[in-house]
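As a basis for the values below, the full set of heavy atoms in this structure was taken, side chains included, without hydrogen atoms, waters or symmetry mates.
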Amino acid sequence: MSFDISLIPFAATLGVEITEASSERVVGKLLVRPDLCTAGGTLHGGAVMAFADSLGAVGAFLSLPQGARSTTTLESKTNFLSAAKVGTTVTGEATPVHSGKRTGVWQTKITSEDGKAVALVIQTQMVLT
């Protein structure tokens, strides 16, 4: 299934590209542009978190129970593991840890082009009815 990223305007502004989207797995890519970096030419932590939040939100939305209309992030925790250099592309893979009637928990692994772990993010999404 594909997902129209324009439904999440901030993710579209970041340049998030969704390459795979289902209730079981969401995969996306993000080009590390200079405007998303720190002074040192590495991807800013806020951009990492926004990328992961966007992927988890897509998965949570695609997992909504019958009658629910949307989701919103309740909590997010990020472990930063290594830097991603400007000009490279990072990949994020979000998978569900829990899908319930009121909340969902998603884990997103972000890796660099060479497969090195950049970050691990766990977020809780609240189901809106």
Item to check | Asp114 vs Lys116, salt bridge (charged side-chain N to carboxylate O under 4.0 Å, His left out): CA-CA, chis, key distance, verdict | outcome: CA-CA 6 Å; Asp114 62 3; Lys116 191 172 184 180; over 6 Å; no
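- For CZ of Arg102, the number of neighbouring non-hydrogen atoms (other residues, nucleotides, ligands) closer than 6.0 Å is 12 at most.
- Residue Thr95 holds its OG1 atom at 5.5 Å from CD of Gln107, rounded to the nearest 0.5 Å.
- Side-chain contact between Ile8 and Val16: absent, with no pair of heavy atoms (C-beta onward) separated by less than 4.5 Å.
- Minimum heavy-atom separation, Thr88 to Leu31: O-CD1, 3.5 Å.
- Using a 4.5 Å heavy-atom threshold, the side chains of Ile122 and Val97 count as separate.
- Atom CG of Leu7 and atom OG of Ser54 lie 12.0 Å apart (nearest 0.5 Å).
- In this structure the side chain of Asp4 never reaches within 4.5 angstrom of the side chain of Ile18, judged on heavy atoms.
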Checklist entry - Run the side-chain contact (heavy atoms from CB on, under 4.5 Å) check on Ile110 and Leu55 step by step: do they pass? => result CA-CA 10 Å; Ile110 300 175; Leu55 298 180; 5.8 Å; no
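- Put simply, the side chain of Lys101 does not reach to within 4.5 Å of the side chain of Val127, judged on heavy atoms.
- Remark: side-chain polar atoms of Arg33 are paired, donor with acceptor, to backbone N or O of Leu14 under 3.5 angstrom.
- Contact detail for Ser112 and Val118: the closest heavy-atom pair is N-CG2, 3.6 Å.
- You'll find the side chain of Val26 stays beyond 4.5 Å of the side chain of Glu93, heavy atoms only.
- Looking at heavy atoms from C-beta onward, Gln125 lies in side-chain contact with Asp53 at the 4.5 angstrom threshold.
- Under the 4.5 Å side-chain heavy-atom criterion for ILVMFWY residues, a single connected hydrophobic cluster contains both Phe80 and Val90.
- If you take CD on Gln123 and CD on Glu75, they are separated by 9.0 Å, rounding to the nearest 0.5 Å.
- Of all non-hydrogen atoms in Ala94 and Thr108, the two that sit nearest each other are CB-OG1, 3.3 Å.
- With rounding to the nearest 0.5 angstrom, the CE atom of Met126 is 6.0 Å from the OG1 atom of Thr72.
- Of all heavy-atom pairs spanning Ala21 and Phe3, the tightest one is CB-CB, 4.0 Å.
- Two residues are said to be in side-chain contact when any heavy atoms from C-beta on lie closer than 4.5 Å; Asn79 and Lys77 meet this criterion.
- Between the OG1 atom of Thr91 and the NZ atom of Lys29 there is a distance of 3.0 Å, given to the nearest 0.5 Å.
- In this structure, CG on Leu128 lies 11.0 Å from CZ on Phe61, to the nearest 0.5 angstrom.
- Smallest separation of non-hydrogen atoms from Ala117 and Ser82: O-OG, 2.6 Å.
- Minimum heavy-atom separation, Ala12 to Ile5: CB-O, 4.0 Å.
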